[in-house]
Amino acid sequence: QFQAFLKDQGPLMAKLSGIFGVSGSDWDNTWDGYIDILQARHCHDIALPCSDRASISGKATPKCATAEDSAQVLRNSHYEYVFKFRDHPLSHNYLRLVIGSLLGTLKDQVQEHIAGKTGNLKFALYSGHDSTVAPLLAVLQASNRNMLWPPYASNLLFELWKKSDGSRVVRVIYNGQVLKLQPEFEWCDLNACPLDTFYKHLDEYIPDNIATECA
């Protein structure tokens with residue numbers, strides 16, 4: 001399915017790679033590099049790239065990426081991220097390998113905080129990329145809208161709350177709003193998800209031995 005998608009969008013990929021002057025597997029099998037180039041320019045109101053590498057009848061002719069090219073690359077990136085991280089039959093296994101170790105670190109940090117082993121720590125900051133945020137959203141089974149390519153400066157907050165009865169819940173906020181889940185996958189209310197339920201869900205994606213699973 002994904003190969004058919006790449007084939008269908010091949011002419012656009014060939015056009016843009018020619019304009020950008022790039023080649024190789026990093027540019028033949030994914031839209032990651034293309035969206036970085038085009039969206040950065042779009043967000044900063046910089047003209048889209050042009051090149052004189054293209055030729056017609058042997059005569060060099062300037063060729064530029066268009067606004068429609070940029071919009072199509074964004075749509076392609078949306079599709080690629082959803083397919084890779086959620087809709088492929090092997091997405092679950094893939095997520096264990098690409099984001100499972102970070103999930104294990106986050107879980108350990110919460111457990112250590114509850115056990116009083118983190119001192120005065122109240123806030124921890126992790127910096128990543130779109131390719132970090134997207135698999136986290138996929139693990140949480142975010143809604144279709146939230147599974148799209150993460151915009152620049154996206155942020156995902158995990159808040160640990162202690163209720164008056166002593167129980168603990170987790171709230172997850174994505175870009176300023178409580179994360180909504182895809183209805184058919186809704187495993188918890190992420191405005192106040194019981195900690196044990198949250199742990200149980202994460203455990204499905206945390207590898208026991210990442211080296212063994214990657215072998």
Side-chain angles (χ1 to χ4, degrees), residues 30 32 77-78 80-215:
T30 177
D32 273 357
S77 296
H78 289 334
E80 178 178 330
Y81 270 47
V82 172
F83 182 81
K84 180 164 57 177
F85 294 124
R86 193 190 70 186
D87 291 349
H88 191 279
L90 295 177
S91 290
H92 185 277
N93 292 344
Y94 184 54
L95 288 171
R96 285 176 64 89
L97 301 180
V98 300
I99 206 67
S101 293
L102 175 58
L103 294 174
T105 297
L106 294 174
K107 181 183 175 183
D108 288 346
Q109 192 169 55
V110 171
Q111 290 177 317
E112 289 174 1
H113 175 75
I114 293 173
K117 297 180 179 180
T118 57
N120 295 322
L121 179 69
K122 293 185 177 181
F123 176 79
L125 174 67
Y126 293 84
S127 178
H129 298 268
D130 49 2
S131 54
T132 311
V133 175
L136 284 172
L137 293 171
V139 163
L140 297 171
Q141 299 181 337
S143 66
N144 284 337
R145 179 183 179 87
N146 286 319
M147 267 303 299
L148 301 179
W149 177 76
Y152 289 126
S154 286
N155 56 87
L156 192 58
L157 307 181
F158 296 87
E159 298 179 346
L160 178 65
W161 289 77
K162 187 176 181 180
K163 300 173 68 175
S164 58
D165 62 5
S167 64
R168 288 181 167 84
V169 296
V170 174
R171 179 164 68 172
V172 181
I173 299 175
Y174 178 52
N175 290 342
Q177 297 184 334
V178 173
L179 183 65
K180 299 296 183 183
L181 305 184
Q182 191 64 7
E184 62 266 33
F185 303 134
E186 197 160 340
W187 54 275
C188 202
D189 176 6
L190 294 186
N191 187 51
C193 182
L195 185 59
D196 288 345
T197 302
F198 192 74
Y199 280 166
K200 183 179 179 180
H201 184 76
L202 293 191
D203 284 342
E204 297 179 17
Y205 298 89
I206 299 175
D208 295 323
N209 188 314
I210 187 68
T212 300
E213 292 200 24
C214 282

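Computed from heavy atoms alone, side chains included, the values below leave out hydrogens, waters and symmetry copies.
Around the NE2 atom of H129, the shell of radius 6.0 Å holds no more than 12 heavy atoms that belong to other residues, nucleotides or ligands. Around the CG atom of D165, the shell of radius 6.0 Å holds more than 12 heavy atoms that belong to other residues, nucleotides or ligands. Within a 6.0 Å radius of CH2 in W161, other residues, nucleotides and ligands contribute 12 heavy atoms or fewer.
From I99, atom CD1 reaches atom OG1 of T105 across 10.0 Å, with rounding to the nearest 0.5 Å. The line from CD of E159 to SG of C193 is 13.5 Å long, rounded to the nearest 0.5 Å. To the nearest 0.5 Å, atom CG of residue L103 and atom CG of residue L136 are 6.0 Å apart.
Between F158 and I173, the closest side-chain pair of non-hydrogen atoms is not below 4.5 Å. Put simply, the side chain of C188 reaches to within 4.5 Å of the side chain of P194, judged on heavy atoms. Annotation: side chain of V169 is not in contact with side chain of L195 (no heavy-atom distance under 4.5 Å). Side chains of D130 and Y152 form no contact here, defined as non-hydrogen atoms less than 4.5 Å apart. Residues P135 and F85 meet the side-chain proximity criterion, which asks for heavy atoms closer than 4.5 Å. In this structure, the side chains of F83 and S91 stay at 4.5 Å or more apart for every pair of heavy atoms. Residues V170 and L190 form no side-chain contact, since every pair of their non-hydrogen atoms from C-beta on lies 4.5 Å or further apart. In this structure, the side chains of Y174 and L157 stay at 4.5 Å or more apart for every pair of heavy atoms.
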Quick one, E80 with T30, criterion side-chain hydrogen bond (donor to acceptor under 3.5 Å, both in side chains). Give me CA distance, side-chain angles, the key distance, then yes/no.
CA-CA 8 Å; E80 178 178 330; T30 177; 2.5 Å; yes
Any chance you could lay out the side chain to side chain contact (heavy atoms under 4.5 Å, CB included) test for R168 and K163, step after step, and finish with the verdict?
CA-CA 6 Å; R168 288 181 167 84; K163 300 173 68 175; over 6 Å; no
Side chain to side chain contact (heavy atoms under 4.5 Å, CB included) for L140 and N146? Distances and angles first, verdict last.
CA-CA 10 Å; L140 297 171; N146 286 319; over 6 Å; no
Check the pair H113, Q109 against side chain to side chain contact (heavy atoms under 4.5 Å, CB included), reporting the backbone distance first and the verdict last.
CA-CA 6 Å; H113 175 75; Q109 192 169 55; 5.9 Å; no
Walk me through whether L156 and V172 qualify under side chain to side chain contact (heavy atoms under 4.5 Å, CB included).
CA-CA 7 Å; L156 192 58; V172 181; 3.8 Å; yes
For residues 196-208, tabulate all N or O donor-acceptor pairs below 3.5 Å that involve a side-chain atom, not counting sequence neighbours.
unit_1	atom_1	unit_2	atom_2	d
H201	NE2	V139	O	2.6
D203	OD1	K107	NZ	2.7
D203	OD2	K107	NZ	3.2

Hey, can you pull the donor-acceptor pairs under 3.5 Å for the side chains in residues 175-186, sequence neighbours left out?
unit_1	atom_1	unit_2	atom_2	d
N175	OD1	N155	N	2.8
N175	ND2	S154	OG	3.2
Q182	OE1	N144	N	2.8

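In this structure, H88 contributes its side chain and L90 its backbone to a donor-acceptor pair below 3.5 Å. In this structure, S77 contributes its side chain and W149 its backbone to no donor-acceptor pair below 3.5 Å.
Applying the disulfide (SG to SG under 2.5 Å) definition to pairs two or more places apart or across chains, none involves residues 109-143.
In terms of heavy atoms, L125 sits closest to F123 at CB-CE2, 3.8 Å. The two residues M147 and Y81 have their closest heavy-atom pair at CE-O, 4.1 Å.
A salt bridge does not link K117 with E112: none of the charged nitrogens is closer than 4.0 Å to a carboxylate oxygen.
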